[in-house]
Amino acid sequence: MNGAATLFDTDAPGHSATVEVLGVIFCAEDDGYAVLEVQDAESGEGFALVGPVAHLGVGDRAEVSGEWQTHARYGRQLRAQGALPLDPADREGRIAYLTSLRHIGPARAERLVEEHGEEVLGTIAADPHGVFASLRGVSAEQAADAAESWHASRAVRDLHVQLAPHGLAHLAAPIHTRFGDSSMAILHEDPYRLTEVAGVGFARADKIALAADVPPESSRRAQAAAVYALGEAEQQGNSYLPLSELTQRTAKLLGLNPDPEVLSEARGLILDQDRVYRELTQLSELAVAQMLAVRAVAPPQLEHDPGETPPQDAEGTELTDEQWSAVRGAFGSRISVLTGGPGVGKTACTRAVVEEAEGAGLRIALCAPTGRAARRLEEATGHTAQTIHRMLEWMPGREPTFKPGHPLPADLIVVDESSMLNLRLIEMLLGGLAESTHVVFVGDADQLPPIGAGKPFEDLIASGIAPVVRLTQIFRQAARSMITTAAHEINQGRTPHLNPEDDQDHDFFFIDRLHPERALETVVEVVAERAPKRFDVDPIREVQVLAPMYRGAVGIDALNECLQARLNPDGKRALGERFRVGDRLIQTRNSHELGLMNGSIVFLRADDPDEEEILVDTDEGESLTIPYGETATLRLAYAISVHKAQGCEVPVVVGVCHRSHSRMLTRPLLYTAITRARNSCVLIGDLGALAAAVGRDDSGGRHSGLAERLRA
């Protein structure tokens, strides 16, 4: 930073001043970085404030310090080193601050300021519940909620003071949300627990711990790093890490070589031979192995034989011998697997299993990991299908209704999209079923592995303990689709042909755009103009952009910003500056209270600041009200990751296949992206990246002990 000077007083480094936030230009919710429009409270000078200041909102006052710089787009701006929130100094600011409390809308906030004047905040601090309860129309329960909201806001400010020297002030609110009244004690006594908060990695927690005189070479620090490294490994899909690999990962975090024996003794970790598990994950793997093994060796329980010959369906066609063997396997074994790519007849097999079971008077249940997959299963079979969570009546954090000792009353279960099952989910599923229940796992084993630890579907197939039917014959009607043939070519390690055969529908396209900026422009053009005209689709509701990475010129973040500006330029601002009414959004974590799972798509219909809630339409056509406090896990979804798209099917997929994403482009990822398209798929990128992705058969290389345990 050439010629940098400290704020407002070039002769006094570290000088600070009071500013008021006038607007939010940009806010990155994952790391606290923001660009704010602010005004110096004393001189009235306006400028941009940039840095870790996402904890500040419009109308907030803060004590800031930093250095000047010149930005090509925003001009003169201040790069903040610290930003400590202050109580508002004027009437409008006090009203805005009070309005942020639960059940205290603009009218009630104004009434409080009129009644208590400039001392309103001090008066409330002395007796929050009493002051709020004195307001006309506020119930005792609402007064208690408002008081709790007040205490939380003040506690968050105290945390700001403690975290600001470490550059973590923007994490005060999520830390308080996670730990509540214990936040300050944890901050001082066990700062490594801060890694339980999204956005706090080991490096940040370690910075606080070292500042509190934790010795760099201490066992406590090494074990905290090991626990964190293993947690990160689970998020990458591993059930365990070899001790040698855990030691290497931990050494990178610590900056020194730890004693492997010390690491394996960390609280909550288990050393199983040379494998280090989190204790709960090891217990899950053992439980799943036992439940699958018991079913695999037990005799069938269903007294129904579908016969040797497949019957004709209503259209006069019949299943192939390969398909019929899958149907027979559902009744001939307590566990069976049906797998295969697109167009090979998995849906016809599943429908036949359901018809046979219904004809035999059996109790049957159909389920899938996601709501979208369950809805497609129901449409395909004509039989009610649910998410696994809903079928088991399970809300994480609570015990499911159907569990060991109280199984789901069903004779046969069909689990679709089984490649999405992680270790925890299959454990809860099997635990909620009687040992006598037949389970049919249906899925595409060549898709991306699940989000979360383990790869049970792949391990079950690899173990050989259950009958597996892998459908390979592409049916003539399906072969008319270039999407189907492209997916199979990619899966076989061959670059897909880009021109249709004489008898094929042209539903798969590749647009070559070498430069990232041109690729970005083309994605926006295809979504906003070409797709609606050629395919007659709604660009917001029926087109989904998929990309491998969030960062970069043609990453998910940049795509969402450009697509929102192009597709929804006039949408009314909602949730401050985060969204616009009309936006396509995605839920990024399971919220069972709301009925929204990780990956659920919703469309923002209305924003009600007075009631502190938004109204959305789900992709299942339902309306849902979401309180402001539950919106933090919503993100723009004009573009999403391929992982987030697992289990879904949309009319038109526009996929990014560009060399700037080369480290993430793999054969399973490309295959999964293409097979999300129901009617048309357009890839945009460069042919070199396409060829490289097809040649990279990287299924994740996950560490899992399930297949070995099953074989044993």
Side-chain angles (χ1 to χ4, degrees), residues 285 288-302 305-306 308 310 319-354 356-357 366-369 373 377 412-423 425-427 429-430 433 435 437-450 454-475 487-488 491-492 668 671-672 675 697 699-700 702 704-712:
E285 190 173 274
V288 170
Q290 181 182 17
M291 289 186 285
L292 288 173
V294 166
R295 283 176 165 81
V297 299
Q301 287 291 297
L302 302 181
D305 183 0
E308 296 288 340
L319 300 184
T320 65
D321 291 341
E322 188 181 48
Q323 289 174 305
W324 190 243
S325 67
V327 176
R328 299 196 69 203
F331 298 91
S333 176
R334 294 199 204 182
I335 298 179
S336 60
V337 175
L338 171 62
T339 187
V344 297
K346 295 194 301 296
T347 299
C349 283
T350 303
R351 191 161 47 236
V353 169
V354 172
E356 287 287 329
L366 309 183
C367 63
L377 180 60
L412 185 146
I413 299 285
V414 176
V415 188
D416 201 14
E417 295 288 356
S418 293
S419 64
M420 296 181 66
L421 296 173
N422 60 29
L423 198 57
L425 188 53
I426 196 173
E427 178 190 14
L429 170 64
L430 295 173
L433 305 178
E435 285 187 6
T437 298
H438 284 223
V439 186
V440 184
F441 293 104
V442 181
D444 188 342
D446 296 313
Q447 285 190 24
L448 286 171
K455 45 186 178 70
F457 187 59
E458 181 183 333
D459 285 346
L460 177 59
I461 294 172
S463 71
I465 69 165
V468 176
V469 173
R470 184 183 289 270
L471 302 178
T472 57
Q473 179 182 337
I474 304 175
F475 287 88
H488 284 276
N491 203 30
Q492 294 162 11
Y671 173 81
T672 302
T675 54
D697 185 16
S699 59
R702 298 183 171 201
S704 169
L706 181 59
E708 182 180 326
R709 295 185 194 277
L710 291 173
R711 284 192 291 264

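Keep in mind that what you see is a predicted model, and the values were worked out from it rather than measured. Atoms considered below: every heavy atom in the structure, side chains included; atoms not considered: hydrogens, waters and symmetry mates.
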Would you compute the distance between atom CD1 of I465 and atom OG of S333 and round it to the nearest 0.5 angstrom? 9.0 Å

Run the side-chain donor-acceptor check on residues 704-712: report pairs under 3.5 Å with partners two or more places apart or on a different chain.
| from | atom 1 | to | atom 2 | distance (Å) |
| --- | --- | --- | --- | --- |
| S704 | OG | D459 | OD2 | 2.6 |
| S704 | OG | L706 | N | 3.3 |
| E708 | OE1 | R275 | NH2 | 2.6 |
| R709 | NE | E285 | OE2 | 2.6 |
| R709 | NH2 | D272 | OD2 | 3.0 |
| R709 | NH2 | Y277 | OH | 3.1 |
| R709 | NH2 | E285 | OE2 | 3.2 |
| R711 | NH1 | A462 | O | 3.4 |

L471 and E322 have their tightest heavy-atom pair at CD2-CG, 3.6 Å

When rounded to the nearest 0.5 angstrom, what distance separates CZ in R470 from CG in L338? 10.5 Å

Approximate separation, where rounding is to 0.5 Å, of L292 CG and E427 CD: 11.0 Å

When you measure from the side chain of K346 to the backbone of T339, do you find a donor-acceptor pair of N or O atoms at a distance under 3.5 Å? no

Gap between atom CD1 of I474 and atom NE2 of H488 - 0.5 Å precision: 4.0 Å

Separation of S336 OG from L412 CG (nearest 0.5 Å): 7.5 Å

For Q473, is the CD atom crowded, meaning more than 12 foreign heavy atoms sit under 6.0 Å from it? yes

Donor-acceptor pair, side chain of R334 and main chain of E435, under 3.5 angstrom: yes

If the test is side chain to side chain contact (heavy atoms under 4.5 Å, CB included), which one of V442, L429, L425 qualifies with V415? L429

Do L377 and E417 touch side chain to side chain, with heavy atoms closer than 4.5 Å? no

Give the C-alpha distance, both sets of side-chain angles, the deciding distance and a yes or no for side chain to side chain contact (heavy atoms under 4.5 Å, CB included) between I335 and L460. CA-CA 10 Å; I335 298 179; L460 177 59; 4.1 Å; yes

Have a look at Y671 and tell me which of N491, D446, D444 forms a side chain to side chain donor-acceptor pair (under 3.5 Å) with it. D444

Just by modelled atom types, is the G345 backbone N or O under 3.5 Å from a matching donor or acceptor in the Q323 side chain? yes

Contact check, side chains of F457 and P450, non-hydrogen atoms, under 4.5 Å: no

Within-4.5 Å side-chain heavy-atom neighbours: L302 and F331: yes

Using side chain to side chain contact (heavy atoms under 4.5 Å, CB included), reason through D305 and R328 one step at a time and then give a plain yes or no. CA-CA 7 Å; D305 183 0; R328 299 196 69 203; 3.3 Å; yes

How many angstroms lie between atom CG of L433 and atom NE2 of H438, to the nearest 0.5 angstrom? 12.0 Å

Would you say F441 and I461 make side-chain contact, with heavy atoms under 4.5 Å? no

For P456 and L423, which heavy atoms make the closest approach, and how far apart are they? CG-N, 3.9 Å

Side chains of D416 and T350: does their closest heavy-atom pair fall under 4.5 Å? no

